[in-house]
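All remarks here apply to the structure that follows.
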Amino acid sequence: MILPRGVADLVDFTWLIGGPQGSGVETASTIFSRVCAKAGYQIFGKREFHSNIKGEHSYFEVRVSNKTVRSNSSAVDLMVSYDAETIFRHYSTVAPGGSIIYDLDMRDTETVDVATMDPYFKERLHAEIRRLGVPPTVRGVLDAAARSGVRTYPVSFRDLLADLAEQHGNPRLKLMKRMYNVLGVSLSAGLVGLPRDLLLGSVQDVFSKKAMVKKLNADAAAHAYDSGADLGDLAHALAGAEKLPGTALVQGHQGTAIGKMVAGCRFQSYYPITPASDESVYLESNEILDVKHAGPGSISVVQTEDEISAIGMMIGAALTGVRSSTSTSGPGFSLMAEALGWAGINEVPVVITLYQRSGPSTGLPTRHGQDDLLFAVFGGHGEFPRIVYASGDIEESFYDTCLCFNYSDVYQLPVIHMMDKFLSSTTVTCPVFDPSRITIDRGRLLDSIDGEYRRFQLGGDGISPRSYLGLKDGIFWNTGDESDETGHITEDPVVRRQMMDKRLSRMDIVLERVPEEEQAVCHRTGEYTIVSWGSTKGPILDALEMLESEGVSVGFIQIKMLHPFPARRVERLLEGARVVIDVESNQTGQMGKLFSQSIFRRIDHYILKYTGRGMTCDELHDAISDIIRGGAPHRTVLMHGS
Amino acid sequence: MILPRGVADLVDFTWLIGGPQGSGVETASTIFSRVCAKAGYQIFGKREFHSNIKGEHSYFEVRVSNKTVRSNSSAVDLMVSYDAETIFRHYSTVAPGGSIIYDLDMRDTETVDVATMDPYFKERLHAEIRRLGVPPTVRGVLDAAARSGVRTYPVSFRDLLADLAEQHGNPRLKLMKRMYNVLGVSLSAGLVGLPRDLLLGSVQDVFSKKAMVKKLNADAAAHAYDSGADLGDLAHALAGAEKLPGTALVQGHQGTAIGKMVAGCRFQSYYPITPASDESVYLESNEILDVKHAGPGSISVVQTEDEISAIGMMIGAALTGVRSSTSTSGPGFSLMAEALGWAGINEVPVVITLYQRSGPSTGLPTRHGQDDLLFAVFGGHGEFPRIVYASGDIEESFYDTCLCFNYSDVYQLPVIHMMDKFLSSTTVTCPVFDPSRITIDRGRLLDSIDGEYRRFQLGGDGISPRSYLGLKDGIFWNTGDESDETGHITEDPVVRRQMMDKRLSRMDIVLERVPEEEQAVCHRTGEYTIVSWGSTKGPILDALEMLESEGVSVGFIQIKMLHPFPARRVERLLEGARVVIDVESNQTGQMGKLFSQSIFRRIDHYILKYTGRGMTCDELHDAISDIIRGGAPHRTVLMHGS
Amino acid sequence: MALRVADYKTDVHNDWCPGCGDFGIVNAIQMALAEMGIERDQATIFSGVGCSGKTSHFINTYGIHTLHGRVLTFAQGAKVANPDLTVVAVGGDGDGLGIGAGHFVAAGRRDIDMTYIIFDNGVYGLTKGQASPTLKLGEQPKSLPKPNLNYNVNPIGLAITSGYTFVARGYSYDIRHLKDMIMQAVRHRGTSFLDVLQPCPTYNDINTRDWYAGLDMKDVAERHSRIYKLEDTGYDPAVHYADRGDLDEKISQALIRSLDWGDKIPIGVFYKNEHITSFETRMQEHIPNYIENPPARQRISEEGSPLTDVSGLLGSLLV
Amino acid sequence: MALRVADYKTDVHNDWCPGCGDFGIVNAIQMALAEMGIERDQATIFSGVGCSGKTSHFINTYGIHTLHGRVLTFAQGAKVANPDLTVVAVGGDGDGLGIGAGHFVAAGRRDIDMTYIIFDNGVYGLTKGQASPTLKLGEQPKSLPKPNLNYNVNPIGLAITSGYTFVARGYSYDIRHLKDMIMQAVRHRGTSFLDVLQPCPTYNDINTRDWYAGLDMKDVAERHSRIYKLEDTGYDPAVHYADRGDLDEKISQALIRSLDWGDKIPIGVFYKNEHITSFETRMQEHIPNYIENPPARQRISEEGSPLTDVSGLLGSLLV
Ligand SMILES: Cc1ncc(C[n+]2csc(CCOP(=O)(O)OP(=O)(O)O)c2C)c(N)n1
Ligand SMILES: Cc1ncc(C[n+]2csc(CCOP(=O)(O)OP(=O)(O)O)c2C)c(N)n1
Ligand code: SF4
Ligand code: SF4
Ligand SMILES: [Mg+2]
Ligand SMILES: [Mg+2]
């Protein structure tokens, strides 16, 4: 359980590294995360970056604790930076008592020298600088930070590199600014007393491909670590914690990717798009699969010409009886709207993993958002059954991926698995995924045919036995038109009604048969209860623990099945809730609309964020507190993050 | 006002003609409609047809009255048929006291001989025939009809044709089965006493292109009319009515097409699709426009390679300051989902005319449905402003088209104008469209630039002055990414929020500024009140008049603005309504969801139809009566129509 | 028991217009399937949307009537997942070369082992006769309000530049020849493309059966069928050597012939290249046992338990 | 006052990677606009989505950054509505030949007077280096997990068979030549297509600037730039006579040259045909005053009242 900052025995430490995109910030943060995790800490790390390949500002925050952490906090304890932009953008988030390691060389850099800072940010920065009464330089803002109790550690990255060049007898090394990252992370590790061997080990792991580079980086790390250790008096801040066995360090896309492997997905089509394609690239990189009692299996990953083709190919593959999926983001999903309905009318089990990002249109393509929910639920012309299912964190996403495939097979419909950029760009520690908890249920998929076969046989619960292309004697037809039991076109009004009812009755069946806890998770109930979905789970749980430690108990219902909406369960769980608070990362409170249309109840308060940045537990904590205190507006908009 | 069948002085007569598609049924019904309209009657005619070019069954029902009629009734007064399928499909809808003119030659045709009757219909037919205890032939079912009080008139179409061949000295005419249509309509006109000269005039109008054919058909009509007049004793059934001045006979697509011309739409892109493309073809056929005080204008109609291109081209054209639109149906609209968001984020005024048909997927491509509403409201990833506006009948659609262009210009957003197949395949009499009632409001479209220009200037009500491509000094940028005031990309969180709020605040502004009656029309309120939208208006008004004549008063609120949803107005109008009944042509009650999510109130009863056939006033009347009588289920499904 | 043509027919009522060229194509497909002895449940016909799209309902194999313009995407997905299937995709000219042109180009690059047949009637049949992409500039079949404003696409040329390795044309009223083309196409390893000239008597009153037969030609003495067979002229479509010289020659001659129209319209094989690595082979380079153990043959669970063993990957994640 | 190159530059921060070939293309466009003296507010740059898509923000004319793959649709709509605009569409190879290939083919058939420039770098830059459709089979630029599984599309060949009437190639490090190509392209009446070889130093480590310069060639003595200019070889791209003979020859030679790659890569104009009726002329056949009075010039209202007079149509509806 997270306690407020300063409670004894609790480690709750946030590290931030920033720099131009493409310069290696990601590598540095990978190393830091690994070291902390190996040192026994739980971590939550998240990356923010521009829609740009090189040069724009990117940063990574890692929260480190000896308890579970599931979100970022608004305050930073240690920031390391070798570029001015990082300082300008983040100095004010460093908490009093926190620290900044920075590059001496940039002390005199002025705000106007930083071309990548857009005018809007600059304007706000200048206002702040004027208020602080300091010069518009790195030195100026650092002085201001120091005044408010932040420790600032100047370091000459150039000198460190020069030392290394000398050590290796290679003067060209002096120019390798890329190495600033390893230096930065190692300085940090030294300063906070992370175990030195873990750092060196992690650096070597990360650069394992080329021996030369590996050695060089390890030497740099060692040297910088030692310099860091000399810097100050935080030596025991992160000296280590008791390691939980079976802890994994996972990245955002690995939950769904490994979930697909285990679930038996053997075909994935995709068209590149941020933040979805990492998953497909990971699958393709690991396309050959170990299979128990058999030779290697594999997943065919096909990069298509567009998302229309991606969904078409996925459906074609699924018709052969293969578990098939695609992975995309908003713009790609828009292009899939038509074929989604085809899968719906033909009862084809497919899974679309929808990694949301900020819309509308191209929007903020590398930023977070939860704004595709209503589109996932209502997208595509006409009416057809589908399931929309959302995971709250990476660990869940592994198990949920397998559930989604089961749902699609058992109920014979397309499943849209809602993920988002918050999840995809996170690195966290969590209990390693446990495939033994997975069950595969292929529903009424046939493996042989007995007698006459009709794909869309009416009767019973309306879920017909399913043949597949190539199955002996299992011939069927499919069509986007309304069809009869064999799958041939019909315009008969009576059959039309039967078929519409057959398909759509599945929405009730799903709510009846899917276990209630899979539909909505009740974390707690209370007079004030939060309803939410997807990746807000982490910040909410962290905020609720903060409130708890203040003696305030707030309920939380995490809705996982968004469509069909588990109205009865949610209604029942909310019986004792006087005030319902909807937390979402979008502008219009989309889930709140599903909620109200299903249970005819008003949302009392909305807490929304749509800047493209994820919620921190602090800002959420404050917003909830305000509501409980009374007088908060109907709609609170969160703004933290650069 | 429509009174129940049989009330003195009221003419309420339904004529039905059927035959294989492509054989001329449409021509026949056009002639019949024109004759009735010219004779002073109000008419409502609607065509049902298969997704097929030639051979499948198609039929047309024309309801004729001396009062306004807005829908079909379930019962037919006179049916004319020269093919067996028409008899088999429709004999049972002919009301006792009604009449059937049929072709002697087909008397012995058996049900099994009719290949185009699908097995499901045949099965039901056979069951009915068994119940009636007649042979499975045309003669059999006609005997049964006669027993229940239907007058049957056998006619030899072959002989009529032979007479004509003789008259023209051209034996080949005997084989021209196409002419059966003119014969059928003329027999009907003769039987019911429609003025002979009007018939001959209409026939000549319809065949005005080729002199030979015109003459031939006119002769055929004259001859058949006389034979018809000799048939029976209905001679004064439709002898004529007092003609309302300024009455037009219009077809479904003409309201939006002529509306576009008057509204100043000068660019229309489209990709062929039923039932939307008739409008585009009509526009292209009439592309050169008379313009007051100027030389001819024109509308550029571009047939594109797909709907993605159609929406892209429309947006491109709109950016030049030209009022631009496209017209499509469900599958095409699905493909437009992505670019719709682009228009939204860039505040481009465009109008998409969405002629709905039965989905999902290809669905019943030539049948009616209102199942794209939630998709129109929530389609496209991310959140952006839009207006979804629905017309209730063809007359409205003319005025609404002009409103939609004004909305798009004034509020700078995409407008989706909801139409449907019920409307598009209807032919009705109505007061001729009055362009003098139209106002054109282009909102803040600039015609010159004064000083520095920023397309997305913040401040004020958030609606910025609009330049267009090619305007002197009006340079701007657009992007699908989040952008700043000039239209350049930004990822700044503060600007992001400002821009999201700027755009989405327009939803409130629309509800504030659009006159309330344009948002929702209150036809009447009551303890029982119907809420509905779009083309159900006609059947509802007709059903309510039937109820009224029985002394039952039921309210009706027609919601035209579906998004943003006029919650406050609807809520207020419904204050006195104890029971709210939602009438829609879909399976899931889509508008009901918008209703509940906006005003947190349950729909008490749904009356739904999703067989692809439009509602008749009778079946709606019965369903409402059942509800009022008590004990009706929560959801009533209507089934009339073949 | 050997399968006969009749075995490949369904009893679905065929509602194409009398005289429609589509009938000949369906017959030719059924004849080709029978002659090649392909088991009914080992073949799948994928179709697009249009009159032509109904084809899959008339053939008694697996039949997937997809979406307008998307037939190639469904077909390719199925074939990659189950390379044992015989996959034939069919659709209209609007379907394949208008809305579907992007997939047409991409499929050429992939060159998966399947056959694609376009029913080329110059119009959008099912939506009532608008211009299709193969209609020539300025032509005005009866339901166009104005003459066609656009140039036509050249299906043969487009296929060749897109990378199709077998490119041919048939005529729907020469069923034996067409059947032969289909058999060659199905047997070819790689994506084979077949453009079938298909009169639409209802809407295309220009390129009618009589027109193809040359019956409209003024000079009666000189009248001849507009259609001739490439093979009758000694034309050799095949790339014989994997060098640039032969390739250049075969591509150029095919493109030149593809521009022929009017009084001399070639049918037959325009281009054939067997020197291209097949898709399966390319897949094998990534997945060594792809052919023996493609997605469709893999078992994924045993009594509900997953068979995939990810312990290696998971181990690498442990800290 | 004459406009200078600098006038066509915006002060938007350019965040392309150092050394990216895109810089040269933007410069060349700006130089071409300046040299042709096109008023800034009479030109619109439409762009697709990708690194290349940012182009429109760097050029100080109207700039419309559209959607991935859809740039041609927006551009054509604007040009039809306002034929007075100078319209230049730009975008990546993935944008134009992958997701946008269908529009690419259709635009060729329409042949509207505008210019389309593809930034051909063999990769999907902005999504981090996946294979684009122009990447060759088996190549593996650094961010591909496996060698490329597909054949490449041939942009020049595809453009010619799709009907483009001006087809050329430039190289982003030969800015003067590129500027010249752009000017020819803009001046050509009809859709002109320009394939620009654009090294992406970040993701395409195969077709680098050094590679184009031939620096990797083994035999130092024989080293030469891989790029040569068609015009230097006496190549004549133009169709001079409106007969089949000349057309066949010019198309074939262009297609053969379009297959050149490896040690000899041609740039310059591959094909040019001015014997094709322009789109405006074709529109005029429908709408006689289309050019003087296109959509963008028409007044539609006067003090809020519609100017369109539909009384004729309405009269015909009266009963
Ligand atoms: C996305 C989409 N747009 C439009 C349609 C309407 N539509 C149905 S068939 C067809 C064209 C058919 O023409 P073609 O492909 O040439 O086939 P044919 O009927 O000539 O065989 C169209 C446009 C559709 N079904 N889906
Ligand atoms: C519908 C859609 N799918 C995917 C993307 C993601 N995306 C952005 S840029 C890009 C490809 C860029 O490659 P290319 O067109 O070659 O341009 P380059 O970056 O190389 O200039 C993709 C796939 C998108 N924006 N929209
Ligand atoms: S419309 Fe043309 S293509 Fe379609 S079925 Fe009729 S004849 Fe055949
Ligand atoms: S990724 Fe490549 S194409 Fe994109 S900006 Fe960098 S170098 Fe240029
Ligand atoms: Mg066609
Ligand atoms: Mg590229």
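- Chain A forms the most heavy-atom pairs under 4.5 Å with one residue out of C:Ile45, C:Val49, C:Asn60, and that residue is C:Asn60.
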If you look only at distance, which donor and acceptor atoms sit under 3.5 Å apart when one is on a side chain in residues 306-313 of chain A and the other is two or more places apart or in another chain?
| from | atom 1 | to | atom 2 | distance (Å) |
| --- | --- | --- | --- | --- |
| A:Asp306 | OD1 | A:Ile308 | N | 3.1 |
| A:Asp306 | OD1 | A:Ser309 | N | 2.7 |
| A:Ser309 | OG | A:Glu305 | OE1 | 3.1 |
| A:Ser309 | OG | A:Glu305 | OE2 | 3.2 |

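- Considering all non-hydrogen atoms of both residues, C:Ala81 and A:Val322 come closest at CB-CG2, 4.2 Å.
- The only member of A:Ile43, A:Leu198, A:Thr247 that meets side chain to side chain contact (heavy atoms under 4.5 Å, CB included) when paired with C:Val319 is A:Thr247.
- Note on A:Glu284, A:Arg442, A:Arg323, A:Met261: by heavy-atom pairs under 4.5 Å with chain C, the leading option is A:Met261.
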Next item on the list: I would like to know whether C:His65 and A:Asp481 meet side chain to side chain contact (heavy atoms under 4.5 Å, CB included); could you show each step before the answer?
Entry: CA-CA 9 Å; C:His65 182 189; A:Asp481 290 63; 3.6 Å; yes
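- Closest heavy-atom contact between A:Ser467 and C:Tyr62: OG-OH, 3.3 Å.
- Of the listed residues (A:Gly40, A:Gly297, A:Gly480, A:Cys265), the greatest number of heavy-atom pairs within a distance under 4.5 Å of chain C belongs to A:Gly297.
- Interface check for chain A: of the options C:Thr73, C:Val71, C:Thr66, C:Val12, the most heavy-atom pairs under 4.5 Å are formed by C:Thr73.
- When heavy atoms are compared at a cutoff of 4.5 Å, A:Ala263 approaches chain C solely by way of its backbone atoms N, CA, C and O.
- The contact between A:Thr304 and chain C is made by backbone and side chain atoms together, counting heavy-atom distances below 4.5 Å.
- With a 4.5 Å cut-off on non-hydrogen atoms, C:Leu313 touches chain A through its side chain but not through its backbone.
- The part of C:Glu302 that comes within reach of chain A is its side chain, from C-beta onward, which places non-hydrogen atoms under 4.5 angstrom from that chain.
- For the set A:Asp205, A:Asn346, A:Ile258, the count of heavy-atom pairs under 4.5 angstrom toward chain C peaks at A:Ile258.
- Side-chain atoms of C:Tyr290 never come within 3.5 Å of backbone atoms of A:Ser298 as a donor-acceptor pair (strictly under, hydrogens ignored).
- Contact check for A:Pro435 versus C:Leu314: side-chain heavy atoms found under the 4.5 Å cut-off.
- Formation of a donor-acceptor pair under 3.5 Å by the A:Trp477 side chain with backbone atoms of C:Phe58 is not found in this model.
- Checked against A:Leu469 for a side chain to side chain contact (heavy atoms under 4.5 Å, CB included), the options C:Val87, C:Ile64, C:Asp84, C:Asn82 give a single hit: C:Ile64.
- Top candidate by heavy-atom pairs under 4.5 Å with chain A, chosen from C:His103, C:Gln42, C:Arg70, is C:His103.
- Each of A:Asp290, A:Ile440, A:Val291 was compared with C:Leu307 under the side chain to side chain contact (heavy atoms under 4.5 Å, CB included) criterion, and only A:Val291 meets it.
- Note that NZ of A:Lys292 is 7.5 Å distant from OG of C:Ser311, once rounded to the nearest 0.5 Å.
- Atom CD1 of C:Ile287 and atom CG of A:Leu289 lie 8.5 Å apart (nearest 0.5 Å).
- For A:Tyr41, no part lies under 4.5 angstrom from a heavy atom of chain C.
- Contact of A:Ser269 with chain C is not made at all, since no heavy-atom distance falls under 4.5 Å.
- Interface summary for chain C: among A:Asn286, A:Val250, A:Ile489, A:Asp441, the most heavy-atom pairs under 4.5 angstrom belong to A:Ile489.
- Counting heavy-atom pairs under 4.5 Å between each of C:His286, C:His68, C:Met283 and chain A puts C:His286 at the top.
- The CZ atom of C:Arg297 sits 12.0 Å away from the OG1 atom of A:Thr320 when rounded to the nearest 0.5 Å.
- Between chain A and the residues C:Asp309, C:Asn289, C:Thr10, the most heavy-atom pairs under 4.5 angstrom are made by C:Asp309.
- With a 4.5 angstrom heavy-atom cutoff, A:Leu244 does not touch chain C via any of its atoms.
- To the nearest 0.5 Å, atoms CZ (A:Phe267) and CD (C:Gln298) are separated by 12.5 Å.
- Counting non-hydrogen atoms of neighbouring residues, nucleotides and ligands closer than 6.0 angstrom, the CD atom of C:Glu292 exceeds 12 such neighbours.
- Among A:Lys38, A:Arg34, A:Met314, A:His293, the residue with the largest count of heavy-atom pairs under 4.5 Å with chain C is A:His293.
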Item checked: Verdict with supporting geometry, A:Leu249 and C:Leu317, side chain to side chain contact (heavy atoms under 4.5 Å, CB included) -> CA-CA 6 Å; A:Leu249 180 68; C:Leu317 298 178; 6.0 Å; no
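- Listed by chain and number, the residues in a side chain to side chain contact (heavy atoms under 4.5 Å, CB included) with C:Pro133 are C:Leu97, C:Tyr124, C:Val153, D:Arg109 (sequence neighbours excluded).
- The part of A:Val302 that comes within reach of chain C is its side chain, from C-beta onward, which places non-hydrogen atoms under 4.5 angstrom from that chain.
- Among the candidates C:Thr86, C:Val105, C:Val80, the residue making the largest number of heavy-atom pairs closer than 4.5 Å to chain A is C:Val80.
- Nearest heavy atom pair, residue C:Asp41 against residue A:Lys472, reads OD2-CA, 3.3 Å.
- Interface residue A:Asp473: backbone and side-chain heavy atoms are both found under 4.5 Å from chain C.
- Looking only at distances, a side-chain donor or acceptor of C:Asn293 sits under 3.5 Å from a matching main-chain atom of A:Pro296.
- The CD1 atom of A:Ile475 sits 9.5 Å away from atom CD of C:Glu39, with the distance rounded to the nearest 0.5 Å.
- Only the side chain of A:Ile288 comes within contact range of chain C, judged by heavy atoms closer than 4.5 Å.
- Not a single donor-acceptor pair under 3.5 Å links the side chain of A:Tyr468 to the backbone N or O of C:Ala296.
- Separating the CZ atom in C:Phe74 from the CG atom in A:Leu319 is a distance of 7.5 Å, to the nearest 0.5 Å.
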